[in-house]
A.B. asks: 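Just passing along the structure, written as structure tokens.
All figures in this text were calculated on a predicted structure; none of them were measured in a lab.
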Amino acid sequence: MTAAPLLQVEGLTTLFRTGRGEVAAVEDVSFALAAGEVLGIVGESGSGKSVTALSVMGLLPEPPARIGAGRIRFEGRDLLAMPARERRALRGAAMGMVFQEPMTSLNPVFTVGDQIVETIRTHDRLPLSAARDRAVATLARVGIPSPARRMQDYPHQLSGGMRQRVMIAIALACAPRLLLADEPTTALDVTIQAQLLDLMRDLQTERGMGIVLITHNMGVIAEFADRVLVMYAGRVAEEAPVEALFDAPRHPYTVGLIGATPTLEGTGGALVTIPGTLPRLGDGLPGCGFAPRCLRATAACRAAPPPMVEVAPGHRVACLHWDRPTPGEARAPRVPA
Ligand SMILES: Nc1ncnc2c1ncn2[C@@H]1O[C@H](COP(=O)(O)OP(=O)(O)OP(=O)(O)O)[C@@H](O)[C@H]1O
Ligand code: SF4
Ligand SMILES: [Mg+2]
């Protein structure tokens, strides 16, 4: 019998109450992550990446958010059925998260040291001196020079790169078995991006940690992910091992993303545009959300959401015409790994 995956998400639908009624930000999303694996989640702004991660962590404010359907299992345990107290105990300890907005998740009125020590003591109940030693060691591990001195700093005294390292240190301080890293390096200079990603990969190898790495950057995906989940308008468009995704992308949206790929050494920036925009939440398109931008679209695509089909082992695509590439969906050469 194979062991339960570290994380298993099945049919997750997350709704938000808005002025236009309740709308799905994430709809019927399923994926699994094994220990020691890096799953990249990619998709343009608003595609539901952060809402997926925050749903797993149980950190969305309810209301306005609500999990409408689905199941989330961590090491076989059903997170949605678990008492809030148990879920809180997992969060920050067995499950860590690096948030997309470091300044909104670091508290400006406490020193960096206090914030790491607090995280450690909440979960591990160590004496203060032992917690401080571990905090200094964790700051050193994420490459912060003079870590004992930096413990006294307030977040605004640090550079963007240093704050990002502190965020990673807080997420790693209790040696989580699962790390959700939401755009952990965006907005940083490319050398620092590469250093931080290498660091996360070292820790993942040392500890067998599973990582969900959310990014806009297909260059980062190509270098760091084992498998990739491509999201579009709150749904999974395609899931594949990283080589298969780059060698044989099947969803026209993925084909577009890969054609628009910057490299880590290149712009390091956001995705180049695919013509058109994401549908607005609650627009109630009955069929495939990509149809207005898709060169392959037919009437059948607009009638109902396309079912997910497995086109090769571990390679799933939600597209009726996955086997009909169309001229104009030009692809650039494969990103060097
Ligand atoms: N509190 C909220 N209330 C209403 N809608 C929300 C809320 N938070 C997120 N959404 C909506 O959910 C959708 C998915 O947002 P999400 O933040 O997950 O996107 P994302 O893929 O992480 O984008 P980005 O790449 O910009 O971070 C968006 O349409 C967003 O407007
Ligand atoms: S289902 Fe149809 S509209 Fe949607 S991506 Fe596939 S071909 Fe395009
Ligand atoms: Mg986000």
A.B. asks: With the threshold set at 4.0 Å, does a side-chain nitrogen-carboxylate oxygen contact exist between Glu44 and Arg293?
C.D. replies: yes

A.B. asks: Within the 4.5 Å heavy-atom criterion, are Ile144 and Met162 side-chain neighbours or not?
C.D. replies: yes

A.B. asks: Do His251 and Phe290 have side chains that approach each other closer than 4.5 Å (heavy atoms only, starting at C-beta)?
C.D. replies: yes

A.B. asks: Has the side chain of Lys49 got a donor or acceptor atom that lies under 3.5 Å from a matching backbone atom of Gly43?
C.D. replies: yes

A.B. asks: Are Leu15 and Leu54 in one and the same hydrophobic cluster, where Ile, Leu, Val, Met, Phe, Trp and Tyr link if side-chain heavy atoms are under 4.5 Å apart?
C.D. replies: no

A.B. asks: Would a single hydrophobic cluster contain both Ile67 and Val26, if residues Ile, Leu, Val, Met, Phe, Trp and Tyr are joined by side-chain heavy-atom contacts under 4.5 Å?
C.D. replies: yes

A.B. asks: Taking atom OG of Ser45 and atom NE2 of His216, what is their separation to the nearest 0.5 Å?
C.D. replies: 4.5 Å

A.B. asks: What are the two closest non-hydrogen atoms of Pro306 and Ala318, and how far apart are they?
C.D. replies: CG-O, 3.5 Å

A.B. asks: Are Val117 and Leu126 connected, step by step, through hydrophobic side chains (Ile, Leu, Val, Met, Phe, Trp, Tyr) whose heavy atoms are closer than 4.5 Å?
C.D. replies: yes

A.B. asks: How are the rings of Tyr154 and His156 set to each other: parallel, tilted or perpendicular (split at 30° and 60°)?
C.D. replies: parallel

A.B. asks: Does the side chain of Leu172 reach to within under 4.5 Å of the side chain of Met209, using non-hydrogen atoms?
C.D. replies: yes

A.B. asks: In Å, rounded to the nearest 0.5 Å, how long is the span from CE of Met231 to CD of Glu239?
C.D. replies: 11.5 Å

A.B. asks: Using a distance-only test with no angle check, is there a side-chain donor-acceptor pair under 3.5 angstrom linking Gln100 and Ser50?
C.D. replies: yes

A.B. asks: Give the minimum heavy-atom separation between Val136 and Ala148, together with the two atoms involved.
C.D. replies: CG1-N, 4.0 Å

A.B. asks: I'd like to check Leu12 versus Asp28 (side-chain heavy atoms, cut-off strictly below 4.5 Å). Are they in contact?
C.D. replies: no

A.B. asks: What's the verdict on side-chain contact (heavy atoms from CB on, under 4.5 Å) for Ile168 and Leu196, showing C-alpha distance, side-chain angles and the deciding distance?
C.D. replies: CA-CA 9 Å; Ile168 294 173; Leu196 283 175; 3.8 Å; yes

A.B. asks: Nearest 0.5 Å, what's the CD-OG1 distance between Glu22 and Thr18?
C.D. replies: 8.5 Å

A.B. asks: Flag the pair Met97 / Pro176 as yes when at least one side-chain heavy-atom distance between them is below 4.5 Å, and no otherwise.
C.D. replies: no

A.B. asks: Report the residues that fulfil salt bridge (Lys or Arg N to Asp or Glu O under 4.0 Å) with Arg17, sequence neighbours left out, ordered by chain and then residue number.
C.D. replies: none

A.B. asks: Check for a donor-acceptor pair, side chain of Gln115 on one end and backbone N or O of Asn107 on the other, with a separation under 3.5 Å.
C.D. replies: yes

A.B. asks: Pair Leu178, Ile211 - check side-chain contact (heavy atoms from CB on, under 4.5 Å), show working.
C.D. replies: CA-CA 6 Å; Leu178 168 67; Ile211 300 182; over 6 Å; no

A.B. asks: I'd like to know if the side chain of Glu118 reaches the main chain of Thr122, judged simply by a donor and an acceptor atom lying under 3.5 Å from each other, with no hydrogens or angles considered.
C.D. replies: no

A.B. asks: Could you check whether any side-chain heavy atom of Leu245 comes within less than 4.5 Å of a side-chain heavy atom of Val230, counting everything from C-beta outward?
C.D. replies: yes

A.B. asks: In the structure I gave you, are the side-chain heavy atoms of Cys319 and Arg250 within less than 4.5 Å of one another anywhere?
C.D. replies: no

A.B. asks: Do Ser55 and Leu60 have side-chain heavy atoms sitting under 4.5 Å apart?
C.D. replies: yes

A.B. asks: Which pair of non-hydrogen atoms, one from Ala171 and one from Leu179, has the smallest distance, and what is that distance?
C.D. replies: CB-CD1, 3.7 Å

A.B. asks: Which value, rounded to the nearest 0.5 Å, describes the distance between Arg165 atom CZ and Ile170 atom CD1?
C.D. replies: 14.5 Å

A.B. asks: Near Arg71 CZ, under 6.0 Å, is it more than 12 heavy atoms from other residues, nucleotides or ligands?
C.D. replies: no

A.B. asks: At their closest point, which heavy atom of His123 faces which heavy atom of Arg91, and how far apart are they?
C.D. replies: CE1-O, 2.7 Å

A.B. asks: Quick check on Glu75: does its CD atom have over 12 non-hydrogen neighbours (other residues, nucleotides or ligands) under 6.0 Å away?
C.D. replies: yes

A.B. asks: Go through it in stages, so that I can follow the logic: the residues are Leu106 and Arg163, the test is side-chain contact (heavy atoms from CB on, under 4.5 Å), and I'd like the CA-CA distance, side-chain angles, deciding distance and then a yes or no.
C.D. replies: CA-CA 8 Å; Leu106 284 174; Arg163 275 201 294 268; 4.1 Å; yes

A.B. asks: With the threshold set at 4.0 Å, does a side-chain nitrogen-carboxylate oxygen contact exist between Arg141 and Glu206?
C.D. replies: yes

A.B. asks: Could you state the interatomic distance from CD (Gln204) to CG (Leu199), rounded to the nearest 0.5 Å?
C.D. replies: 11.5 Å

A.B. asks: For the pair Asp182 (side chain) and Val98 (backbone), establish whether a donor and an acceptor sit closer than 3.5 Å, ignoring hydrogens and angles.
C.D. replies: no

A.B. asks: Using the rule that Ile, Leu, Val, Met, Phe, Trp and Tyr join whenever any side-chain heavy atoms are under 4.5 Å apart, tell me whether Val9 and Leu59 fall into a single cluster.
C.D. replies: yes

A.B. asks: Does Arg134 CZ have over 12 foreign heavy atoms under 6.0 Å away?
C.D. replies: yes

A.B. asks: Kindly say whether Ala32 contributes a backbone atom to a donor-acceptor pair with the side chain of Arg227 at under 3.5 angstrom?
C.D. replies: yes

A.B. asks: Set out, in order, the CA-CA distance, both residues' side-chain angles and the distance that settles side-chain hydrogen bond (donor to acceptor under 3.5 Å, both in side chains) for Glu238 and Tyr232, then state yes or no.
C.D. replies: CA-CA 9 Å; Glu238 183 158 9; Tyr232 186 80; over 6 Å; no

A.B. asks: When you measure from the side chain of Arg296 to the backbone of His321, do you find a donor-acceptor pair of N or O atoms at a distance under 3.5 Å?
C.D. replies: yes

A.B. asks: What's the spacing between Asp114 CG and Arg132 CZ if we round to 0.5 Å?
C.D. replies: 7.5 Å

A.B. asks: Can you name the nearest heavy-atom pair linking Met151 to Ala135, along with the distance?
C.D. replies: CE-CB, 3.7 Å

A.B. asks: List for me each residue that meets salt bridge (Lys or Arg N to Asp or Glu O under 4.0 Å) alongside Glu183, sequence neighbours excluded, and say none if there are none.
C.D. replies: none

A.B. asks: Show the nearest heavy-atom pair for residues Ala248 and His315, with the distance to one decimal.
C.D. replies: O-CE1, 3.3 Å

